[in-house]
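Quick note: residue numbers are just sequence positions, from 1.
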Amino acid sequence: RAPVLRSIALRAIALNASAFNGARIIGPSLGGWLIAGIGTAAAFGVTLVAALPYALILLGLTLVRPQVKRARGNVLELMREGYGYIWRHGEIRSLMSVEIVPIALGMSYVTLAPAVASDVLDVGSRGLGAMLASVGVGALAGSVLVAARSSIRHRGRLVIAGVGIFGALSIVYALSESILLTLPIMFLMGLTTAIYSTTKETLIQTLVDDSYRGRVMATNSVFWSFTPLGSLLAGAMAAVVGLQAALAINGALVLLYAPLLWLATPVRDID
């Protein structure tokens, strides 16, 4: 039963990631052209208008809530129990740490891409759109690839390898001064991130107990809030050592985290 559930969860998570990453292709590409054509403020206005129909659709949805046993207690108590559960389970704790380090350090390559496009590559808003679209294309390809290979084994090792490869690619991205090299590197970064992130999400979903699933996944989502913090730190570092050096240092730290995951956590033993 567990392998079947894992396969279903993997495909569901991968399909959800595919929809998200598909938007990452269209959005940056269109946004770059809009900024170049009508300006930044007007481009944000177009985004607002485009989002309104979907907001109205969501308001009209009817939620059907299954009759399940709900966790009871105040918010702080529920959070304490959730964090305690994560800490007691080494596999889940280690997998969730994958969200912290690569997100806090590695994802600054996206938020600092405008600076890279203008100060390093000198490609303007259209070039920035192409850069971000490359990430989206890679992420979409990675999500589809994971969905197609639902029977893959040694997923824990795949997660660790993905983190290491992403770190190495981040260093190359940081040092690149050519758009012709940056575009394929960003494609590979999106591909790698989608593969290890989707695999990691599947493993967490299949390892966690049903009674703690909501709290664990909520905690997992909270870790994405480290992205702005990582970008802030990367920006502060760039002011001291330079933009490319700051991105390269972050990439090196992510790369060094991969052997730590291998040697000091049970992730490599997860099938």
How long is the gap from [atom1] on [X] to [atom2] on [Y], to the nearest 0.5 Å?
X      : Y      : atom1 : atom2 : value
Leu140 : Leu191 : CG    : CG    : 10.5 Å
Leu58  : Tyr54  : CG    : OH    : 10.5 Å
His154 : Asp269 : NE2   : CG    : 10.5 Å
Leu183 : Leu188 : CG    : CG    : 11.0 Å
Thr199 : Ile270 : OG1   : CD1   : 11.5 Å

Any side-chain heavy atom of [X] sitting closer than 4.5 Å to one from [Y]?
X      : Y      : answer
Leu169 : Met186 : no
Leu247 : Ser108 : yes
Leu255 : Ser170 : no
Met107 : Pro102 : no
Val46  : Leu34  : yes
Ile86  : Met96  : yes
Ile204 : Lys200 : yes
Leu207 : Leu95  : yes

Worksheet item: Name the one of Leu232, Leu243, Ile249 that satisfies side-chain contact (heavy atoms from CB on, under 4.5 Å) with Met237?
Response: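 Running side-chain contact (heavy atoms from CB on, under 4.5 Å) over Leu232, Leu243, Ile249 with Met237 returns exactly one hit, Ile249.
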Establish whether [X] and [Y] are linked, either directly or via other cluster members, by ILVMFWY side-chain heavy-atom contacts under 4.5 Å.
X      : Y      : result
Val241 : Val254 : yes
Leu105 : Val240 : yes
Leu263 : Tyr196 : yes
Ile160 : Ile171 : no

Fill in: Leu121: partners by side-chain contact (heavy atoms from CB on, under 4.5 Å), with sequence neighbours left out
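Partners of Leu121 by the side-chain contact (heavy atoms from CB on, under 4.5 Å) criterion, ordered by chain and then number, come out as Val116, Val123, Met131, Ile179, Thr182.
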Practice prompt. Could you pull out all residues at least two apart from Leu260 that satisfy side-chain contact (heavy atoms from CB on, under 4.5 Å)?
Written response: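 Per chain and number, Leu260 pairs via side-chain contact (heavy atoms from CB on, under 4.5 Å) with Tyr257, Ala264.
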Could you tell me which non-hydrogen atom of [X] sits nearest to which non-hydrogen atom of [Y], and how far apart they are?
X      : Y      : value
Thr265 : Ser94  : CB-OG, 3.3 Å
Asn250 : Ala234 : ND2-CB, 3.5 Å
Ala113 : Tyr173 : CA-OH, 3.8 Å
Ala139 : Ala194 : O-CB, 3.2 Å
Pro114 : Leu128 : N-CD1, 3.7 Å
Gln244 : Ser176 : NE2-O, 3.6 Å

Discussion item. My understanding is that only residues two or more places apart in sequence, or in another chain, count here; which of them pass ring-ring contact (aromatic ring centres under 6.0 Å, His included) with Tyr85?
Written reply: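 By the ring-ring contact (aromatic ring centres under 6.0 Å, His included) rule, Tyr85 matches His89, Tyr212.
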Worksheet entry | Sidechain-backbone polar pair: Thr206 side chain, Leu203 backbone, donor-acceptor under 3.5 Å |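 Indeed, once roles are kept as given, a pair shorter than 3.5 Å links the two residues.
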Worksheet item: So, does Arg157 use its side chain to make a donor-acceptor pair with the main chain of Arg268 at under 3.5 Å?
Response: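 Yes, the answer is positive, given that a donor and an acceptor are paired below the 3.5 Å cut-off.
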Worksheet item: What do the steps show when you test Val135 against Tyr109 for side-chain contact (heavy atoms from CB on, under 4.5 Å), and what is the final call?
Response: CA-CA 10 Å; Val135 178; Tyr109 87 95; 3.3 Å; yes
Practice prompt. Go through the steps for Ser97 and Leu261 under the test side-chain contact (heavy atoms from CB on, under 4.5 Å), then give the verdict.
Written response: CA-CA 9 Å; Ser97 75; Leu261 280 173; 3.9 Å; yes
